[in-house]
Amino acid sequence: MNKITLQILKGTRDFLPLQYILRKRVIEIIARTFEGFGFEPMETPSMEYAETLEGKYGEEGDRLIYKFEDRGGRKVALRYDLTVPLARTMAMYHVEKPFRRYQIAPVWRADKPQKGRFREFWQCDADIVGSKEVWADAEVIAVGYYAFKNLGFNDFTIRINDRKLLNGIALYGGVTEKEMAGFFRIIDKADKVGWDEVKKELADKNFSAESIEKTIALMVDETQGNRAIQRLKTTLKGISSAQEGIAEIEEIQRCLANLGVDKRNILFDGSLARGLDYYTGPIFETIIEKPRIGSISGGGRFDSLIGMFSGNDVPATGTSLGLERIITVMEELAMLPMTPTVSQVLVTVFARDLFGESLSVASELRSAGICAEVYVNDDKLKKQLDYANKKSIPLVIIIGPDEKEKGEVVLKDMEQKIQAMVPRQELVNKIKPMVVASSR
RNA sequence: GUGGGUGUAGCUCAGCUGGUUAGAGCACUGGGUUGUGGCCUCAGUGGUCGAGGGUUCGAAUCCCUUCACUCACCCCA
């Protein structure tokens, strides 16, 4: 036999049942939250024509798209996010608008992996297409907020800004449209490296001293919170795009209050820029302090993206939760109650000639909607109980010759360490309430 | 793309400045206990020390190369 090195590609992972069951539960909570807001599930292919994806994310993003040729020489790519494929479908099909959909699926980025970052990872997106009102932005921010709440998060901050405001600031500082992306990428780092470092970096990138002074003066004392908004409002009085952005942010804040979103989890942040090119209006991301892991969700308005496919702009906004980071954080904070099995009952096999009995008992339980597992080796009872124990299966059934004779089974509660003889006909009724009690 | 760290049993690791047959805990298998579990106890299985080359009488240990993993930066979820 050829001995090969067993390994999987960098930045990818196998999910064994232990981890997969957990992931599934997290996904279910998020999906339920999305559906609670009326978002409907949708799915698109993991592969797209390369040109569908290219030129949407900006220079940095485009470089990280997985691209290759198929056997017909077509240039194909693995999807980089779920937003661009959504935009493609919105240009291809007619749907009733305003349209809400969610999609929970893997995406691929040829990035260098590190903590909370993978090459294959899952995003949970909820988007609204066909509304230019910031009400839609408030809804997608709120659905993210409630998803985190339902998962058990309390200490997180949703930072909010607006590309229109950023445009206004750039205009005010004499930064050209072409330079803007790079300019704000550096500004974005302010809370990490400090403003002095930001100034230095801007100077290195050949931004004029005047631009730097004017824009930084706008933000240097504080970039966050309502005082910062008010200051920007007065300083940027004559700049309409800035005023528009500020008005949007203020309306979103009002909407969020009505949506029951706690003010303490929301923060205006004038230095928030976000890297992807396609954002046009409000932008937002969720960060947590405790384990430092970057953002656990991000999103914003992308009013021109669909137009890149169809020629006609359709307003749209959406949010994207990062499943891997959420799970990484939940693991670190021990927020995940662990039940490493789906079996609620283990039906043991007493001896070879009694295996048939075990099978029919299991079958009865299954018909009653109980997840029942039959032990499929001719091992000692001790070993079978040990197995149930290790897998945290709460109930065990034993059928020996005596039980068979009397038409009964032994029902054993592993946690309580008690057992009782139960007639076969009563088994289902007896076991049902126990199963309900033990499942969470 | 740039810069650090780490590779020894299935897992977590020990192995001092190079010295015979490479260790521990957990896990696994079997026994103590052939109709009952998580404890205890005894025994056992398991390693080309990431790979390749070099120095040396002698290398897990020193040097070089390479691969893999990991962390940080960039960017992002």
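A, B, ... follow the sequence lines: proteins, then strands. Residue 1 opens every chain.
Applying the Watson-Crick and G-U wobble criteria (two distances, each under 3.5 Å), B/C74 pairs with nothing in any strand. Across all strands shown, B/A68 pairs with B/U6; the Watson-Crick or G-U wobble distances both stay below 3.5 Å. Base pairing of B/C62 is made with B/G54, judged by Watson-Crick or G-U wobble geometry with both donor-acceptor distances under 3.5 Å. Base pairing analysis places B/G30 opposite B/C42; the two distances defining the Watson-Crick or G-U wobble pair are each below 3.5 Å. Base pairing of B/U12 is made with B/A24, judged by Watson-Crick or G-U wobble geometry with both donor-acceptor distances under 3.5 Å.
At least one side-chain nitrogen or oxygen of A/Lys390 sits closer than 4.0 Å to the OP1 or OP2 atom of B/C28. Checking the phosphate oxygens (OP1, OP2) of B/A77, a side-chain nitrogen or oxygen of A/Arg274 falls inside 4.0 Å. OP1 or OP2 of B/C69 sits under 4.0 Å from a side-chain N or O of A/Lys10. Look at A/Gln114 and you'll find a side-chain N or O under 4.0 angstrom from OP1 or OP2 of B/A72.
Residue-to-nucleotide contacts include no donor-acceptor pair under 3.5 Å from the side chain of A/Gln419 to the base of B/G37. Side-chain to base pairing of A/Lys417 with B/G38: one donor and one acceptor N or O lie within less than 3.5 Å of each other. Judged by distance alone with a 3.5 Å cut-off, no donor-acceptor contact links the side chain of A/Asp386 to the base of B/G37. For A/Lys383 and B/U36, a side-chain-to-base donor-acceptor distance below 3.5 Å is absent, hydrogens and geometry of angles not being considered.
Within the 4.0 angstrom heavy-atom criterion, only backbone atoms of the sugar-phosphate kind lie near A/Lys380; the bases stay farther away. Note on A/Glu120: nothing from the nucleic acid sits closer than 4.0 angstrom, heavy atoms only. Residue A/Leu381 is classed as a base contact, given a heavy-atom separation below 4.0 Å to a base. Using a 4.0 Å heavy-atom criterion, one finds that A/Ile398 contacts the bases of the nucleic acid, with or without backbone contacts as well. Counting non-hydrogen atoms under 4.0 angstrom, A/Glu285 reaches nothing in the nucleic acid. Here A/Gly116 lies in heavy-atom contact (under 4.0 Å) with a base. Residue contacts for A/Asp81: at a heavy-atom cut-off of 4.0 Å it reaches no nucleic acid atom on any strand shown.
Straight-line distance between the P atoms of B/U17 and B/C75: roughly 42 Å, to the nearest whole Å. With both ends at atom P, the span from B/C69 to B/A22 equals 30 Å, rounded to whole Å. Here, B/C13 and B/U6 have their C1' atoms 13 Å apart, quoted to the whole Å. Of the P atoms belonging to B/C63 and B/G7, the separation is 13 Å, rounded to the nearest Å.
In summary, the aromatic rings of A/Phe148 and A/Phe153 are positioned with their centroids under 6.0 Å apart.
Minimum atom distance to the side chain of A/Met414 is reached by B/G37, of the listed B/G35, B/G37, B/A77.
Within the 4.5 Å cutoff, no side-chain heavy atoms of A/Gln19 are placed close to those of A/Arg13. Counting heavy atoms from C-beta outward, A/Thr89 and A/Met42 have side chains that approach closer than 4.5 Å. Contact check for A/Gln344 versus A/Leu395: no side-chain heavy atoms found under the 4.5 Å cut-off.
Between A/Asp379 and A/Leu321, it is A/Asp379 whose nearest contact on RNA chain B lies nearer the 5' terminus.
Summarising the geometry, the separation between CZ on A/Arg119 and P on B/A77 is reported as 17 Å, rounded to the nearest angstrom. With rounding to whole Å, A/Leu9 atom CG is found 12 Å from B/U70 atom P. Note: CG (A/Asp62) to P (B/G1) measures 17 Å, nearest angstrom. B/G38 atom C1' lies 14 Å from atom CD1 of A/Ile393, rounded to whole Å.
In this pair, A/Tyr387 and A/Tyr375 present their aromatic rings perpendicular. The plane angle is above 60°, beyond the 30 to 60° band.
Ring-base stacking between A/Phe350 and B/G35 is not satisfied when judged by a centre separation under 5.5 Å and a plane angle under 30°.
Remark: the backbone N or O of A/Thr280 is not paired with any side-chain donor or acceptor of A/Asp303 at under 3.5 angstrom.
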